[in-house]
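Just so you know, ligand 1 is whichever comes first in the structure, and atom 1 is the first atom listed for that ligand.
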Amino acid sequence: MLEEQLKKRFNEIDTISFIVGKKILRAMQKNKLEYSHFAGSSGYGYDDSGREVIERIYADVFKTEDALVRPQLMSGTHALTVSFFGNLRPGDTLLSVVGKPYDTLLSVIGIREASGSLKEFGINYRQVDLLSTNEIDFEGIKNSIDTTTKMVTIQRSKGYSTRPTLSVAQIDEIIKVVKSVRANIICLVDNCYGEFVEEMEPSEVGADLVVGSLIKNPGGGLCESGGYIVGKKKFVEAAASRLTAPGLGKEVGATLGTNKNVLHGLFLAPEVVANALKGAIFAAAEFEKLGFNTIPKWNEQRSDIVQAIDLKTSENVIAFCEGIQQAAPVDSFVKPIPWEMPGYDVPVIMAAGAFVQGSSIELSADAPIKPPYTVFFQGGLTTYHAKIGITIALESVKRSMKQ
Ligand SMILES: *Cc1c(COP(=O)(O)O)cnc(C)c1O
């Protein structure tokens, strides 16, 4: 019975991956991608035709005026940082509309004291939390916008919190409300973990800037480093001026042989995202059978690849992460242990055995050791690996429960 229902869900996922895959293929054909684009550049990186074609392809896939896709964007956090600093000026306010942003951004914004934060440069921050029902506080958003509000930041994925992920339809609603107050407020979407899960991207429903990491969904597991920023030309250019230098903008930046993997990874990404989603759904179904609370449930709509499971005890969390680690192709013999990570108030455990360091489109799991002992896991380049990893993690948790 469950098998049948899972199959139906998997078919829905394959339908989306087919549509997105076709969109990416067309963008590559339209921009006349050719073998010579893989050559790349050194030094200043002037006239790097491969880099330029990558950015045109990204702009077409996300249906935006412009794109900045670079190995010099070191992570999702860096791509977001460059987007903020490039577009905000002293006295402006950045407004987060779905609660506290992803952990690493706390230092960037200055919510957590850090040298060089937006706060140090006189850029203000305000936040609208979700309602106690986890619904979006549209009234609160309207009331929090004032004349200094220059940018609204919308985080699509729940990240490592247990609120629901925003669907593209919900992002659409938020943007409509913000623009109804003042049309020139820049709406930025942190799209990390969300790419290609739905047919449409936030840039297709009015987002001015959409930002993410190439070692998550859009890199398809092949991209070894980098980030992307897509959106309205003037906002992308402002970010580029900050990444390189004012006056240089997008014109410089050697790609150092990365072009092929960026494109090859993008080509595979819809399939890889589908595999990660199937793994997440399989895991949710299996852990629900054992009586654990999952976010989202196996049969709920998804807009990112992250699966959260409340495992009830720290022993179960550790057992789960050990299982995921044992299933890894790299570092399978390593035993993950909780440690005091900078910026966290409790020990955190992480399981990852990836070909690309920190790549969380590959099967990986993380958990802060605190009630309700939620483990967050994501990725799986292939369905077979996701299934193997989850099955080992499941057996490991079952053993831990018996003790
Ligand atoms: C991963 C992630 C980031 C930061 O990306 P890094 O590449 O780890 O710096 C930001 N926001 C969300 C929602 C994420 O999932």
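A distance of 9.0 Å separates CD in Glu362 from CD1 in Ile215, rounded to the nearest 0.5 Å. Considering CG of Leu188 and CD1 of Ile175, their distance stands at 9.5 Å, rounded to 0.5 Å. To the nearest 0.5 Å, the span separating CZ on Phe38 from CG on Asn261 amounts to 10.0 Å.
At a heavy-atom distance under 4.0 Å, only side-chain atoms of Gln155, from C-beta outward, approach ligand 1.
For ligand 1 and Tyr193, the ligand atoms under 4.0 Å from any heavy atom of the residue are 15 (O). Shown in contact with Gly76 at under 4.0 Å from a heavy atom are these atoms of ligand 1, numbered in order with element: 5 (O), 6 (P), 7 (O), 9 (O).
In plain terms, the two heavy atoms of Asn87 and Ala239 that are nearest each other are ND2-N, 4.2 Å. Closest approach of Ser396 and Phe320 over heavy atoms only: OG-N, 4.3 Å.
Residues passing the side chain to side chain contact (heavy atoms under 4.5 Å, CB included) test with Pro101 are Ser96, Leu105, Leu106, Ile109, Ile111, Tyr125, Gln127, Gln155, sequence neighbours excluded.
Ligand 1 has no nitrogen or oxygen under 3.5 angstrom from a nitrogen or oxygen of Thr104. Taking any N or O of Asp190, backbone or side chain, at least one lies under 3.5 Å from an N or O belonging to ligand 1.
Counting protein heavy atoms only, atom 9 (O) of ligand 1 is closest to Thr77 OG1, 2.5 Å. Annotation: atom 1 (C) of ligand 1 to nearest protein heavy atom, Lys216 NZ, 1.3 Å.
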